[in-house]
There are 2 protein chains.
Amino acid sequence: MNTTIYDVAREAGVSMATVSRVVNGNPNVKPATRKKVLDAIEGLGYRPNAVARGLASKKTTTVGVIIPDISSVFFAELARGIEDIAMMYKYNIILSNSDQNKDREINLINTLLEKQVDGIVFMGGEITEEHVEQFKHSPVPIVLAATVDENKEVPSVNIDYADAAFDAVEELIEGGHQRIGMVSGSLEDPVNGYKKFSGYKEALNKNNITFEEELVTVGDYSYDSGLRAAQSLMKLENPPTAIFASTDEMALGVIHGLQDDGFSVPDQVNVIGFDNTRLATMVRPTLTTVVQPMYDIGAVSMRLLTKFMNKEEVDESTVVLPHRLEYRQSTNIPEK
Amino acid sequence: MNTTIYDVAREAGVSMATVSRVVNGNPNVKPATRKKVLDAIEGLGYRPNAVARGLASKKTTTVGVIIPDISSVFFAELARGIEDIAMMYKYNIILSNSDQNKDREINLINTLLEKQVDGIVFMGGEITEEHVEQFKHSPVPIVLAATVDENKEVPSVNIDYADAAFDAVEELIEGGHQRIGMVSGSLEDPVNGYKKFSGYKEALNKNNITFEEELVTVGDYSYDSGLRAAQSLMKLENPPTAIFASTDEMALGVIHGLQDDGFSVPDQVNVIGFDNTRLATMVRPTLTTVVQPMYDIGAVSMRLLTKFMNKEEVDESTVVLPHRLEYRQSTNIPEK
DNA sequence: CTGAAAGCGCTAACAA
DNA sequence: TTGTTAGCGCTTTCAG
């Protein structure tokens, strides 16, 4: 049997309400009384029961976090940003992996809601009608982190992926490249696939370079898929002189795929990645990449969620963070 | 106002006890009654309140996980193992970063206990008296994952780090190396520092190689510290012909530090890492490394925890998983 | 197979 | 400044 607020009350010779007050830092308690209670708490080793508190107050001070895969460098960094801010605001986090599986995502939302979380940060891939339906019916606020809702019906924190891809590819073009390969994610994936792909296409378009299907490969975000993609691109009759990969991990694969086949980076082929994960400096040549502030996206989305949970006024519920290109050794284009 | 078990009971024309029974899958309910209840649940969109359930049943089906840093490749992989098994057993996970800060660790344990978690998986560095004291007084089971308690007072899942380091270094010796450098973690760190260091020393000893202080560098687990360590080791009057790093990330730094200074790996210097994170194949030459089954350590520790939570019999509460050496391109010693 | 009723430990009016 | 008293939504005996 654990010690309860009653035990403390008896020990301190006050009512349980008073104990509750001192535990919750209510100022309406005489210092002397407060001390008696504190001593009793100390003496009994009393630890408040957050579940009971949650039931009575209808607040659990915990938020749910749905993440595709915590073992991915990218998402782990995001999660760190989320958790740091959550901790700063005294929230705990229930973390669950979804593997981007829609059914599991929906399920997770429901179990989190059963657990009465005060809010949810959702990271995923495609946001379907069904997702939006769920989100809208949620009794607690939800914000998307690094996840795009095309119709902006759900609060979210992102960078402009298409624009970022556009910038990277245009840099390559201005650096003199005309045949630029792309290693994309699945085009069904709104962020790493579709958005970045359309930025790529747009950059070609604007610069009057005809788009060629054969220069685009679809990978699965893994290092190996980047490696294979590079090798198949270089087997083309007219191979690219630069390759843009939609994630850093694939970009590393691309670099090594090129090197393994005897191509020199950046002398023969320029490579640009996306994300600026820690991987980008752990390769030779080091990787020029689009900087996506992952930690910040996590932190900002959690901060946004706290505002919703406190029913604070928020002026802009879909926030777009800035991006930029980090020039390293895998390209030899002039830095802007 | 959310719909409660009472609403369902009224709607279905039964008592709340019956509703509770069908929600909890209690077989003692007539199929016809069950159907009525299920229909009512469906119709009302009833969602059981896990907090209320937790208060009444004294079980929350959530476990706490204390982790040094979720953005580390190593721990993220462990966390994935933990979460997968937790999910398999219908537990949710409250995840918190400690940065190996002792005060924060103790604090986290307490807030997790306040939240009435059913158990805790703890990952950390040094386990002090105070830690053990906390663990012993915990009302719920705790297991250590990839974290060593010297006195085996607390259940834990690990590999034999000293032995693993010993094996790696001995391989190097058998491969003909006599001057072997080490990039260690802080010697205060029982696992990545002390244990691995003593394995290193032991291997030298057994093979009659005198230990030389100058061949050991202490890093901070970062890529950069590995890079700097390699460069300082190679400035020695009598530099090493092989370097053993206590983590993969530092080993990557070592390889690139060597390459940046014009040394060839493995022709001039062999390099062995530790962990076999995904990084090991994302480098050229690919990294020979000690395989530590991170995912498995996480999975096994969670499994162990479920046994404790179910009050099942466990015969061995400190489990030691096997390790092995994965031969890749950063060494040219013969594979055993 | 079903219902009644007593808590689980705490918060939050409302009184005093 | 402090105490009394309803609940919060559910599980769990105990009866029937």
Side-chain angles (χ1 to χ4, degrees), chain A residues 1-38 40-41 44-62 90 110-111 113-118 139-140, chain B residues 1-38 40-41 44-62 90 110-111 113-118 139-140:
Chain A
M1 200 52 223
N2 245 304
T3 96
T4 77
I5 202 170
Y6 279 102
D7 303 318
V8 177
R10 191 181 329 107
E11 181 78 8
V14 299
S15 78
M16 59 172 299
T18 300
V19 177
S20 175
R21 287 191 188 96
V22 345
V23 167
N24 292 295
N26 185 317
N28 292 353
V29 181
K30 222 194 320 187
T33 320
R34 179 186 308 280
K35 178 156 184 355
K36 273 194 303 186
V37 174
L38 256 14
I41 287 176
L44 296 173
Y46 167 71
R47 183 163 29 218
N49 181 325
V51 171
R53 174 182 298 178
L55 181 58
S57 69
K58 298 178 165 308
K59 289 197 177 323
T60 54
T61 63
T62 107
K90 313 274 192 208
N110 278 304
T111 71
L113 258 19
E114 284 186 9
K115 298 230 167 171
Q116 312 298 120
V117 294
D118 295 336
V140 298
Chain B
M1 201 50 224
N2 246 303
T3 97
T4 76
I5 202 172
Y6 279 102
D7 303 319
V8 177
R10 192 180 331 107
E11 181 79 8
V14 299
S15 78
M16 57 173 301
T18 299
V19 177
S20 176
R21 288 193 187 92
V22 347
V23 168
N24 292 295
N26 185 318
N28 291 354
V29 180
K30 218 191 329 183
T33 320
R34 180 186 309 280
K35 175 153 184 1
K36 271 195 304 185
V37 173
L38 256 14
I41 287 176
L44 296 172
Y46 167 70
R47 183 163 29 217
N49 181 326
V51 171
R53 173 181 299 178
L55 182 58
S57 69
K58 298 180 167 305
K59 292 201 177 316
T60 54
T61 62
T62 107
K90 311 274 192 208
N110 278 305
T111 70
L113 257 19
E114 285 186 11
K115 298 229 167 170
Q116 312 298 119
V117 294
D118 295 337
V140 298

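Residue numbers start from 1 in every chain, and the chains themselves are labelled A, B, ... in the order their sequence lines are given, proteins ahead of strands.
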What is the distance, rounded to the nearest whole Å, between atom [atom1] of [X] and atom [atom2] of [N]?
X        : N      : atom1 : atom2 : value
A/Asn2   : C/dC8  : CG    : P     : 13 Å
A/Asp7   : C/dC10 : CG    : C1'   : 13 Å
B/Leu55  : C/dC10 : CG    : P     : 9 Å
B/Lys115 : C/dC10 : NZ    : P     : 15 Å
A/Asn24  : D/dT2  : CG    : C1'   : 16 Å
A/Asn26  : D/dT1  : CG    : P     : 9 Å
A/Asn28  : C/dA15 : CG    : P     : 18 Å
A/Glu114 : D/dG9  : CD    : C1'   : 13 Å

Check: [X]/[Y] side-chain N/O donor and acceptor closer than 3.5 Å:
X       : Y        : answer
A/Arg21 : A/Asn28  : no
B/Arg47 : B/Asn2   : no
B/Lys90 : A/Thr111 : no

task = Keeping the roles fixed (side chain from B/Lys115, backbone from A/Thr60), state whether a donor-acceptor pair exists under 3.5 Å.
result = yes
task = Would you give the length of the straight line joining atom CG of A/Leu38 to atom CD1 of A/Ile41, rounded to the nearest 0.5 angstrom?
result = 5.5 Å
query = How many angstroms lie between atom OG1 of A/Thr33 and atom NZ of A/Lys36, to the nearest 0.5 angstrom?
reply = 5.5 Å
With side chains defined as the heavy atoms from C-beta onward, is the minimum distance between [X] and [Y] less than 4.5 Å?
X        : Y        : value
B/Tyr6   : B/Val19  : no
A/Arg10  : A/Asp7   : yes
A/Val140 : A/Asp118 : no

request  = Would you mind telling me which residue lines up with the more 5' stretch of DNA chain C, B/Pro31 or A/Gly54, judged by nearest nucleotide?
outcome  = B/Pro31
message = Please pick, from C/dC10, C/dT11, D/dT1, the nucleotide with the shortest atom-to-atom distance to any side-chain atom of A/Pro48.
response = C/dC10
For [N], does either OP1 or OP2 sit under 4.0 Å from a side-chain N or O belonging to [X]?
X       : N      : answer
B/Lys58 : C/dG9  : yes
A/Ser20 : C/dT11 : yes
B/Asn49 : D/dC8  : no

inquiry  = Take N1-N3 plus N6-O4 or O6-N4 for Watson-Crick, N1-O2 plus O6-N3 for G-U, both under 3.5 Å. Which runs of 3 or more such pairs involve DNA chain D?
reply    = C:1-16 with D:1-16
Mind listing the N/O atom pairs, protein and nucleotides 3-7 of chain D, below 3.5 Å?
{"from": "D/dG3", "atom 1": "OP2", "to": "A/Ser15", "atom 2": "N", "distance (Å)": "2.8"}
{"from": "D/dG3", "atom 1": "OP2", "to": "A/Ser15", "atom 2": "OG", "distance (Å)": "3.2"}
{"from": "D/dG3", "atom 1": "OP2", "to": "A/Thr18", "atom 2": "OG1", "distance (Å)": "2.7"}
{"from": "D/dG3", "atom 1": "N7", "to": "A/Arg21", "atom 2": "NH1", "distance (Å)": "3.4"}
{"from": "D/dG3", "atom 1": "N7", "to": "A/Arg21", "atom 2": "NH2", "distance (Å)": "3.4"}
{"from": "D/dG3", "atom 1": "O6", "to": "A/Arg21", "atom 2": "NH2", "distance (Å)": "2.4"}

